[in-house]
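Computed from a prediction, not measured in an experiment: that's the story for all the values here.
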Amino acid sequence: MTKTDPEPPASRPPSRRAPAGAAVLREDVTDAIRKAVFEELAAVGFARMSIEGIARRAGVGKTAVYRRWKSKLSLVLDLVSVFAEQGLPVPHTGSLYGDIRALLAVASLALRHPIASQVIPDLLVESVRHPEIADAIKTALLDGQQGVAAVVVREAVERGELAAGADPDRALDLIVGPLYWRLVVVKGPLPKGYLDDLAKSAVAALTA
């Protein structure tokens, strides 16, 4: 017998029959649960977060949550993956400075997002006790950024701006590291011209 989400019942046309097969998961309910997960994480943190609290905040029953995810850990890993899918676009400005400056502009917006500024630091603490979280953060966030840095470095080498064998990981550290420290750890405002100066500093360090 086909099952569908029971929430909210008033919005389900009584005359429509659900397709046969596995449970039909309504996207609006899934989106409401994801939003509730983020709000719960920001409000109470991973350790105190519960399926009951998520369901209550989303306005659904616990059954609707468990149909989609088996645990709160699965929920959080899904949230990180969805956020990471937005990713950093690969810039193609035609110069190393232009590419780094473009990356900094996008990264500065991403690091101001509540998931990056509130949720990710909390998950990094929890990753000590939950290796799955550490693996998910690495896969979802670091691996994608390393791919972008590799393209930037490769194109700079092809243009003759960097020597062959330039290290993309070092480039990523120099580009994003100071920005992460400023926005996520220190949580200080960016002075006027900060991104321009940071891009110039990264270029100088990479080409030294």
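Atom CG of Asp196 is separated from atom CZ of Arg101 by 4.5 Å, given to the nearest 0.5 angstrom. Taking CG of Leu198 as the reference point, atom CG of Leu103 lies at 11.0 Å (rounded to 0.5 Å). Expressed to the nearest 0.5 Å, how far CZ of Phe46 lies from CZ of Arg129 amounts to 9.0 Å. Atom OG of Ser127 sits about 10.5 Å away from atom CD of Glu132, to the nearest 0.5 Å. If you take OG1 on Thr93 and CG on Asp99, they are separated by 3.5 Å, rounding to the nearest 0.5 Å. The distance from the CD1 atom of Ile51 to the OH atom of Tyr66 is 4.5 Å, given to the nearest 0.5 Å.
Nearest heavy atoms, Tyr194 versus Pro178: OH-O, 3.7 Å. The two residues Leu206 and Leu162 make their nearest non-hydrogen contact at O-CD2, 3.5 Å. The minimum heavy-atom distance linking Val153 with Pro168 is given by the pair CG2-CA, 3.8 Å. Across all non-hydrogen atoms, the minimal contact from Ile33 to Ala64 is CD1-O, 3.9 Å. Nearest heavy-atom pair across Ser108 and Leu183 is O-CD1, 3.7 Å. Residue Ala43 comes nearest to Arg57 through the heavy atom pair CB-NH2, 4.0 Å, listed as atom of the first residue, atom of the second, then distance.
Judged by distance alone, the side chain of Lys62 and the main-chain N or O of Ala55 form no donor-acceptor pair under 3.5 Å. Of the possible polar contacts, one joining the Lys72 side chain to the Ala47 backbone as a donor-acceptor pair under 3.5 Å is found. With hydrogens and angles disregarded, no donor-acceptor distance shorter than 3.5 Å links the side chain of Lys35 to the backbone of Ala58.
Val76 and Val128 sit in two unconnected hydrophobic clusters of ILVMFWY residues. Membership requires side-chain heavy atoms under 4.5 Å apart, directly or through other members. Taking hydrophobic clusters as Ile, Leu, Val, Met, Phe, Trp and Tyr residues chained together by side-chain heavy-atom distances below 4.5 Å, Val125 does not share a cluster with Trp181. Residues Leu104 and Val186 share a hydrophobic cluster, clusters being chains of Ile/Leu/Val/Met/Phe/Trp/Tyr side chains in contact below 4.5 Å. Linking Ile, Leu, Val, Met, Phe, Trp and Tyr whenever their side-chain heavy atoms come within less than 4.5 Å leaves Leu195 and Leu109 in two separate clusters.
A salt bridge is absent between Arg56 and Glu52; no separation between the charged side-chain nitrogens and carboxylate oxygens falls under 4.0 Å.
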**Pair Ile54-Trp69, side chain to side chain contact (heavy atoms under 4.5 Å, CB included): steps then yes or no** = CA-CA 12 Å; Ile54 292 167; Trp69 300 278; over 6 Å; no

**Prompt:** Step by step, would you call Thr207 with Glu161 a side chain to side chain contact (heavy atoms under 4.5 Å, CB included)?
**Reply:** CA-CA 7 Å; Thr207 56; Glu161 294 180 279; 5.6 Å; no

**Request:** Let me see the working for Glu155 and Val151 under side chain to side chain contact (heavy atoms under 4.5 Å, CB included), right down to the final yes or no.
**Result:** CA-CA 6 Å; Glu155 293 185 351; Val151 174; 3.8 Å; yes

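With contacts defined as side-chain heavy-atom distances shorter than 4.5 Å, the pair Leu174/Ser201 does not qualify. With contacts defined as side-chain heavy-atom distances shorter than 4.5 Å, the pair Leu190/Arg112 qualifies.
No more than 12 heavy atoms of other residues, nucleotides or ligands lie within 6.0 Å of NZ in Lys70, so this atom counts as exposed by the packing criterion.
Of the options Leu75, Asp78, Val29, a side chain to side chain contact (heavy atoms under 4.5 Å, CB included) to Arg68 is made by Val29 and by none of the others.
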